[in-house]
Protein chains: 2
Amino acid sequence: MKKAISDPLGQPGPAVVSDDTLRGFIGYRMKRAFNVLQADLTQTLKPFELRMLTYTALTLIVDNPGLRQSQLADAMDVERPNLVIVIDELERRDLIVRDRVPTDRRAYALRVTLAGRQLYEKAFAAMKDHEKRMLEGLDAETCKTVIAALETIQKHHAKG
Amino acid sequence: MKKAISDPLGQPGPAVVSDDTLRGFIGYRMKRAFNVLQADLTQTLKPFELRMLTYTALTLIVDNPGLRQSQLADAMDVERPNLVIVIDELERRDLIVRDRVPTDRRAYALRVTLAGRQLYEKAFAAMKDHEKRMLEGLDAETCKTVIAALETIQKHHAKG
DNA sequence: AGAAGATAGTTATACCAAGTACCTATCTTT
DNA sequence: AAAGATAGGTACTTGGTATAACTATCTTCT
């Protein structure tokens with residue numbers, strides 16, 4: 001039930017807190033929307049013991065078999081050191097393997113295992129449901145506009 | 001300059017990493033867009049030694065003088081414990097004060113100081129520039145659509 | 001009035017995300 | 001063969017978020 005902020009017994013402070021100034025910033029809106037999205041996403045992936053980062057990595061490995069860790073780090077926009085623990089975790093759970101690259105003994109070729117692919121398929125289905133939940137109340141046209149705008153914002157200021 | 005991923009000497013891994021599957025998720029787009037936005041925002045606020053959280057808190061205190069910490073926590077969608085260190089920091093820098101509420105000795109009424117307001121005004125101007133940068137390339141109609149969509153996503157799944 | 005329960009702020013703690021500095025092993029270039 | 005670049009990794013730091021539990025007050029109910 002609603003908090004009785006304006007309850008005269010509840011006394012001090014403004015009856016209702018205004019965030020009008022902040023709402024003038026797109027970042028404020030994005031943060032708040034992303035927070036609720038991420039909360040739902042976390043719950044969505046919990047049954048598979050995946051987080052956003054591990055799911056993202058798993059997906060990119062499924063779609064790009066044999067890619068190297070540095071390529072994955074670039075694609076995910078994370079620093080190489082931070083990717084290591086993600087890959088460690090996926091490998092420890094036997095969802096992926098680090099194959100040595102014969103022609104470059106520094107590099108690993110990342111590949112999904114059978115178990116990894118099976119988990120991925122289930123998680124993907126759950127993510128599709130999550131996506132549907134998130135976009136409830138938005139028509140297709142609006143979605144396209146939003147997606148294009150997000151891409152514009154991202155690409156326009158992407159680090160060179 | 002561009003990484004020569006497809007350089008035949010650079011050898012292994014896919015020539016180009018595809019993220020088509022992930023791009024089917026609005027969350028992926030939002031995260032990436034928000035990441036670049038936050039990077040710019042962090043730089044924007046750095047001269048004032050403010051972070052997104054401290055700027056947000058300062059703004060809400062300026063706009064809602066006398067509000068209590070719990071109201072601020074609610075408005076910011078952060079847990080009360082996490083707000084404490086934010087308020088501590090603003091108070092330590094003499095940007096705000098914690099006034100005791102005479103009618104409820106448990107509560108604090110938060111108010112901006114003169115120094116706080118002056119810093120706020122400067123930061124606000126910088127934030128307006130930041131906002132303009134972020135929305136470069138998007139017309140007003142698109143902005144409205146995006147903002148409405150973000151609000152729909154947020155409100156629809158707001159924690160009751 | 002007095003006990004029971006709620007609320008405001010706080011402390012301590014934990015986890016995850018993100019970033020930097022630096023190291024080793026290998027590859028490339030000259 | 002030496003110098004520099006690259007792949008992956010270790011160690012460490014910071015920041016955001018979350019929960020449990022504590023103290024002090026306030027409210028409610030009998």
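Computed from a predicted model, the values in this text were never measured in an experiment. When reading the values below, keep in mind they use all heavy atoms of this one structure, side chains included, and skip hydrogens, waters and symmetry mates. Residue numbers start from 1 in every chain, and the chains themselves are labelled A, B, ... in the order their sequence lines are given, proteins ahead of strands.
Contacts of B:R105 with the nucleic acid, taken as non-hydrogen atoms under 4.0 Å apart, involve only primed sugar atoms and P, OP1 or OP2. B:L83 comes within 4.0 angstrom of nothing in the nucleic acid, heavy atoms only.
Note: CE (B:M52) to C1' (D:dG16) measures 10 Å, nearest angstrom. For the pair B:D104 CG and D:dA24 C1', the interatomic distance rounds to 10 Å; values are reported in whole Å. Protein atom CG of B:D88 is 10 Å distant from nucleotide atom C1' of C:dG9, rounded to whole Å. In this structure, A:L45 atom CG and C:dC16 atom C1' are separated by 14 Å, rounded to whole Å. Whole-Å rounding puts the B:D99 CG to C:dG9 P distance at 13 Å. In this entry the distance linking CG of A:D77 with C1' of C:dA18 reads 12 Å, nearest Å. Rounded to whole Å, the distance from OH on A:Y108 to P on C:dT24 is 17 Å. Here the C1' atom of nucleotide C:dT7 and the CG atom of B:D74 are 12 Å apart, to the nearest Å.
Residues A:N35 and A:R100 both approach DNA chain D. Their nearest nucleotides, taken by heavy-atom distance, put A:R100 toward the 5′ side. The nearest heavy atom of DNA chain C to A:R51 and to B:R106 marks one nucleotide each, and the one closer to the 5' end goes with B:R106. The residue among A:K31 and A:Q69 whose nearest nucleotide of DNA chain D is located toward the 5' end is A:Q69.
Considering only the side chain of A:A107, D:dG8 comes nearest among D:dT17, D:dG8, C:dT10. In the set D:dT10, C:dT26, C:dG19, the nucleotide with an atom closest to the side chain of A:E79 is C:dG19. Nearest to the side chain of B:R68, among C:dA8, C:dT20, D:dA7, sits C:dA8. The listed nucleotides are D:dT17, C:dT20, D:dG9; the one nearest the side chain of B:L53 is D:dT17.
One finds no side-chain N or O of A:R80 lying less than 4.0 angstrom from the OP1 or OP2 phosphate oxygen of C:dA21. At the phosphate of C:dG9, OP1 or OP2 sits under 4.0 Å from a side-chain N or O atom of B:S70.
B:R32 and A:E151 are not joined by a salt bridge, as no carboxylate oxygen comes within less than 4.0 angstrom of a charged side-chain nitrogen.
Interface remark: the A:N82 side chain does form a donor-acceptor pair with the C:dG19 base, using a distance-only criterion of under 3.5 Å.
Looking at B:T44 and B:R133, their side chains do bring a donor and an acceptor atom within 3.5 Å of each other. A donor and an acceptor atom, one from each side chain of B:R100 and B:Y108, are located under 3.5 Å apart.
Under the side chain to side chain donor-acceptor pair (under 3.5 Å) test applied with B:T21, the options A:N64, A:D63, A:T59 reduce to a single match, A:D63.
Classification of the A:Y55-A:Y120 ring pair by plane angle, with boundaries at 30° and 60°, yields parallel.
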